[in-house]
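Below: the structure, in structure tokens.
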Amino acid sequence: QTPLYPLMLLIVLLGQSVVAILQVWEQRSLNLDWLGEPAMDLTTVGTSVVMYDGVNWLRAYGINSHPNQLGLLLVTLMLMLFPQRKRFNRLQPLLWLALGLGLIALTVSWSRAAWLALLLGTAVYLVAWLRNRKTRQPLSRWQGVRILLLTAVLFTLLFTFRDIVVNRFFRLDTPLENHSLYERKRDTTIALEIVQNYRLVGVGLGNYQDVATTIDPNAQIVHNVPLLITAEFGVLGAVSWLLFLCAPLFDKEAFSTYLPQTAVWLALITISFWQPEPHLFLPKGAIIWALAAAAWSQKPASKPTMRLAYA
């Protein structure tokens with residue numbers, strides 16, 4: 001019988017992914033405001049879009065206030081669920097379906113930080129699997145087929161939407177991307193000025209926006225959690241945050257017994273350098289960090305082998 005905890009994560013992954021994919025397919029909201037879906041309108045300023053074939057193309061939101069929040073959630077769920085495949089027993093096909101839909105939804109969120117985080121988390125598994133030749137379990141035929149199918153889905157999407165991929169990663173001089181980068185640079189400069197002026201104790205929790213707008217009325221929350229923490233809590237807060245991030249990774253079993261936890265942790269750290277959401281004092285960020293932190297207590301009874309991640 002599948003334990004309740006991973007089953008709940010699976011339901012969230014499925015629900016968010018299906019909603020996100022349908023939003024992009026329909027290029028509009030699905031009128032799920034009763035679930036928390038935000039209003040999305042291509043003609044409204046502030047709606048998050050990308051350029052596709054010369055026109056604005058809606059990014060997937062899911063049940064989140066921004067596509068980047070969707071990317072954060074999907075990456076966390078997929079990296080948490082993948083190592084627990086055998087716990088799903090007869091529901092494994094449903095898990096693989098959820099992973100496939102999650103990969104599609106993550107792609108059409110067009111969240112660059114989330115893509116990078118998933119790539120890093122996957123690399124942790126892959127490198128460890130390649131290095132542990134004596135203890136690793138070979139992939140079964142069906143596991144290999146499923147992984148190949150997921151890879152094929154990903155590359156098919158990237159090829160289909162190659163114009164967006166090029167614009168998001170390589171052609172950064174387009175008006176849309178140039179404006180986004182300008183805002184990021186502006187807010188980073190403002191955050192550094194605040195840190196310089198309030199380096200000891202910061203401006204206080206939740207006061208960043210008020211102080212930033214005194215410097216520039218158009219200022220937004222800086223898309224860098226360590227920098228935001230330093231601005232609000234000063235040097236002591238920055239050191240405390242650094243200890244929180246690094247402490248689990250110094251465990252001698254971080255890349256053996258706790259391999260899945262390490263993959264998730266590194267993915268969240270990666271996203272925190274490019275987005276403001278993985279923050280302990282934001283509701284969604286606090287829940288995601290709590291789930292990731294709690295997973296470090298799930299130490300197996302036996303000595304670590306790659307069965308933990310690949311059995």
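Quick caveat, the model's predicted, so the values are computed rather than measured.
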Is there a chain of hydrophobic side chains (I, L, V, M, F, W, Y, each step under 4.5 Å between heavy atoms) that links L22 to Y52?
yes

R28: salt bridge (charged side-chain N to carboxylate O under 4.0 Å, His left out) partners, not counting sequence neighbours:
E26

Taking the side chain as every heavy atom from C-beta outward, state whether I229 and H279 have any pair of such atoms under 4.5 Å apart.
yes

If Ile, Leu, Val, Met, Phe, Trp and Tyr residues are connected whenever their side-chain heavy atoms lie under 4.5 Å apart, and connections chain through other members, are I21 and V165 in the same group?
yes

Could you tell me whether the side chain of R59 and the main chain of V49 form a donor-acceptor pair under 3.5 Å?
no

Plane angle bin for F161 and W110 - parallel if under 30°, tilted between 30 and 60°, otherwise perpendicular:
perpendicular

Validation row: L249, I269 side chains within 4.5 angstrom (heavy atoms):
yes

Nearest-0.5 Å distance that lies between atom CG in L200 and atom CG in L236
10.0 Å

Show your reasoning for whether side-chain contact (heavy atoms from CB on, under 4.5 Å) applies to L13 and L74.
CA-CA 7 Å; L13 177 59; L74 292 177; 3.6 Å; yes

May I have the step-by-step check of side-chain contact (heavy atoms from CB on, under 4.5 Å) for L266 and T262, ending in yes or no?
CA-CA 6 Å; L266 288 174; T262 299; 3.9 Å; yes

The reported gap from CG in L227 to CD1 in I221 (rounded to nearest 0.5 angstrom) is 11.0 Å

Could you go through Y182 and K185, starting from their C-alpha distance and side-chain angles, then the distance that decides it, and tell me whether this counts as side-chain contact (heavy atoms from CB on, under 4.5 Å)?
CA-CA 5 Å; Y182 164 76; K185 183 179 179 180; 5.9 Å; no

First locate atom CZ of R162, then atom CZ of F155, and finally report the distance between them rounded to the nearest 0.5 Å.
14.5 Å

Do R85's NZ or CZ and the ring of F82 fall within the cation-pi criteria of under 6.0 Å and 45°?
yes

Can the ring centroids of F233 and W241 be said to lie less than 6.0 angstrom from one another?
no

Can you find a heavy atom in the side chain of V153 that is under 4.5 Å from one in the side chain of T107?
no

L245 CG to L268 CG distance, which is reported to the nearest 0.5 Å:
9.5 Å

Sidechain-backbone polar pair: Y61 side chain, S48 backbone, donor-acceptor under 3.5 Å:
yes

Rounding to 0.5 Å, atoms OH (Y208) and CD1 (I190) come to a distance of 6.0 Å

Hydrophobic clusters here meaning ILVMFWY residues chained together by side-chain heavy-atom distances under 4.5 Å, can you tell me if I288 and L120 are in one?
yes

Whether the side chain of W115 engages the backbone of L106 through a donor-acceptor N/O pair (distance < 3.5 Å, no angle test) should be reported.
yes

Within the side chain of R186, is there an N or O that forms a donor-acceptor pair under 3.5 Å with the backbone of D216?
no

Take a 6.0 Å sphere around OH of Y5 and say whether it holds more than 12 heavy atoms from other residues, nucleotides or ligands.
yes

Could you please spell out the steps behind the side chain to side chain donor-acceptor pair (under 3.5 Å) verdict for S111 and N68?
CA-CA 5 Å; S111 174; N68 288 342; 3.3 Å; yes

If I take atom CD from residue Q69 and atom CD1 from residue I271, how far apart are they, to the nearest 0.5 angstrom?
11.5 Å

With under 30° as parallel and over 60° as perpendicular, where do the rings of W296 and W265 fit, or are they tilted in between?
perpendicular

Checking E37 side chain against N31 main chain: does a donor-acceptor pair fall under 3.5 Å?
yes

A side-chain contact here means heavy atoms from C-beta on lying under 4.5 Å apart; do L73 and N64 qualify?
yes

Side-chain contact test, heavy atoms from C-beta onward, threshold under 4.5 Å: evaluate it for E277 versus K284 and give yes or no.
no

If you define the side chain from C-beta out and look only at heavy atoms, does anything of N224 sit under 4.5 Å from T188?
no

Ignoring hydrogens and angles, tell me if any N or O in the side chain of N56 forms a donor-acceptor pair with the backbone of L42 under 3.5 Å.
no

Exam field: side chain R184 to backbone L181, donor-acceptor pair closer than 3.5 Å
no

Give me the atom names and distance for the closest heavy-atom approach of A267 to A117.
O-CB, 3.4 Å

Under 3.5 Å, side chain of Q27 to main-chain N/O of L58, donor-acceptor pair present?
yes

May I ask whether V264 and L103 are part of the same hydrophobic cluster, defined by side-chain heavy atoms of I, L, V, M, F, W, Y residues being less than 4.5 angstrom apart, directly or through others?
yes

I'd like to know if the side chain of T47 reaches the main chain of D41, judged simply by a donor and an acceptor atom lying under 3.5 Å from each other, with no hydrogens or angles considered.
yes

Within the structure provided, determine whether L242 and P226 are in side-chain contact (heavy-atom separation under 4.5 Å).
no

Co-membership, hydrophobic cluster, residues L77 and I147, 4.5 Å side-chain:
yes

Show the nearest heavy-atom pair for residues A263 and G121, with the distance to one decimal.
CB-O, 3.7 Å

Any donor-acceptor pair under 3.5 Å from Q23 side chain to G62 backbone
yes

Side chains of Q209 and T213 in contact at under 4.5 Å (non-hydrogen atoms)
yes

Output, in order, the C-alpha distance, side-chain angles, deciding distance and verdict of side-chain contact (heavy atoms from CB on, under 4.5 Å) for L149 and W96.
CA-CA 10 Å; L149 284 175; W96 284 98; over 6 Å; no

